Structure formats: structure tokens, C-alpha cells
Amino acid sequence: GDSVTQMEGPVTLSEEAFLTINCTYTATGYPSLFWYVQYPGEGLQLLLKATKADDKGSNKGFEATYRKETTSFHLEKGSVQVSDSAVYFCALEYGNKLVFGAGTILRVKS
Amino acid sequence: DTAVSQTPKYLVTQMGNDKSIKCEQNLGHDTMYWYKQDSKKFLKIMFSYNNKELIINETVPNRFSPKSPDKAHLNLHINSLELGDSAVYFCASSTSGGAIYNEQFFGPGTRLTVL
């Protein structure tokens, strides 16, 4: 079945460091891909999305590119802030069903 | 505020009890979902309803029964609670049909603790 694998955390970075969180997927069709963010004590919020190959999703300084050839959708940010500390989920959507990765905890220290 | 809301936010109960979690959305969406997030943050879909009809039913014990009285509400009733049911339960909603993707909007979650 469809699945998403993302790098295990926690990832701990200093403020202004570069962030990469790896995500790869397995799917029978051509899913849409997403990154969701969960801040402490809150529900999930959509961070960015890409609906077809080579699309780049971006929001709040975060970017991810849909790479069909490597079945990847890695999340990047050039300079993280303390306020970016959260859990990040990679997900794919197929037939209105979201399949999530295990989540990666990001901790940013000042 | 337009949003997806859930009640209660916290629920602590004894094994064997029956409990319900309520979800309401005022976004005008016609599809609603329940997800379970375990202690390791792993998030998995349980159910989805479209216009009050069940469209997704993952492998969930039949102690869990969703009920959708109307398009804006999707409640989750759990019978004979077990320790393993302890988790955070998230409700979500979206539109459906037509678009390549219909963004799902999540509620704040209900933390269920079974003692």
C-alpha cells in the first residue's frame, strides 16, 4: 500500500541553521504530497503542498520539491527560528485519504 | 471563528467505560475525518464521512463507531475503552470532488487517557 517514510528525529538545530527533513514515498499512482506542521498542543496545519512532479511548494520560508524520479519530497529552510520548533509530517494524498509519515520533531535553540 | 472544533480537549476515564468525542466544523465542508495519533506521534486515519455517508473505514476495532448527524458534525463513540485507546484523536474536514486536492483542516485534538 501507499506509505511515507521520513527521517527520524528529534532534529536539534541552532537558530539560523539550515534545515533539511528527508521524506520519501511509495505509491501506486501519482499522489499529491504535503508537509504538515504541528506546534506544541495544537492540531495539524498545512505548511505546503505539491500536486504533480517537479512542482515546488513553499510557505513561510520552507520549500519542498516533488521529485518523481527519486520519489522524494524533502523539506528545506535556509534559516530556522526558535518559533519553527514543532513536529513536521510528510504526507501523501490519494483518493481523499491522507497517509502520514511518522513525524519529525524539530527543536531550534537560540 | 470559522474552524474545526472538538470537545472535550482532555478526557480521562477508566478501562471499560464508554465515551464520546464530538467534532463540529463551520467551514461548509461536506467531508469529515477522524485520525488517531499515538504516543510516538504516528498519525493514522480511522474514518471518513462524506455528506453523512461513511466512505473510509480503516482497520479499526468495532468498539469505535462514528456518527454523523449532519454534514457539519462527526462524533466518535468508543465502547469498552482499553488502555491501548489512549491517544490524541483529531477531527478534520474538507470539501470534496472536482479539485486535484481538497485541503483538510484539522481540529485541536482530544487527548484521551484510559486508566
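All values reported here derive from a predicted model rather than from experimental measurement. Residue numbering restarts at 1 for every chain, and letters A, B, ... go by the order of the sequence lines.
- Interface remark: of the candidates A91(A), G43(A), G101(A), G43(A) forms the most heavy-atom pairs closer than 4.5 Å to chain B.
- I21(A) and F73(A) fall within the same hydrophobic cluster, where Ile, Leu, Val, Met, Phe, Trp and Tyr residues are linked whenever their side-chain heavy atoms come under 4.5 Å apart, directly or through other members.
- With 3.5 Å as the limit, one finds a donor-acceptor pair spanning the side chains of Q37(B) and Q38(A).
- Contacts between Y35(B) and chain A at a heavy-atom distance below 4.5 Å involve the side chain alone, from C-beta outward.
- The closest side-chain heavy-atom distance from V99(A) to I45(B) is not below 4.5 Å.
- In this structure, chain A has no heavy atom under 4.5 Å from any part of K44(B).
- Under a cut-off of 6.0 angstrom, the local environment of CZ in F18(A) is crowded, with over 12 non-hydrogen atoms contributed by other residues, nucleotides or ligands.
- For I56(B), the part lying near chain A is the side chain, with the backbone staying farther off; criterion is any non-hydrogen pair under 4.5 Å.
- Pairing each heavy atom of L44(A) with each of F106(B), the nearest pair is O-CB, 3.5 Å.
- Y89(B) and F89(A) sit in two unconnected hydrophobic clusters of ILVMFWY residues. Membership requires side-chain heavy atoms under 4.5 Å apart, directly or through other members.
- L112(B) and F90(B) are not part of a single hydrophobic cluster, where members link through side-chain heavy atoms under 4.5 Å apart.
- To the nearest 0.5 Å, the span separating CZ on F34(A) from CD on E103(B) amounts to 8.5 Å.
- Looking only at side-chain heavy atoms (C-beta outward), K97(A) and Y33(B) stay at 4.5 Å or farther from each other.
- Atom CD of E15(A) has more than 12 neighbouring heavy atoms from other residues, nucleotides or ligands inside a 6.0 Å radius.
- Within a 6.0 Å sphere centred on OH of Y30(A), heavy atoms belonging to other residues, nucleotides or ligands number 12 at most.
- Contact of the F100(A) side chain with the F42(B) side chain is not registered, since no non-hydrogen atoms from C-beta on lie closer than 4.5 Å.
- Among K9(B), Q6(B), E58(B), K40(B), the residue making the largest number of heavy-atom pairs under 4.5 Å with chain A is E58(B).
- Under a hydrophobic-cluster definition in which Ile, Leu, Val, Met, Phe, Trp and Tyr are linked whenever side-chain heavy atoms come within less than 4.5 Å, directly or via other members, F105(B) and M32(B) are assigned to different clusters.
- Under a hydrophobic clustering in which Ile, Leu, Val, Met, Phe, Trp and Tyr are joined whenever their side-chain heavy atoms come within less than 4.5 Å, directly or via other members, F64(B) and L43(B) fall into different clusters.
- Taken from OG1 in T104(A) to NZ in K41(B), the straight-line distance is 12.5 Å, to the nearest 0.5 Å.
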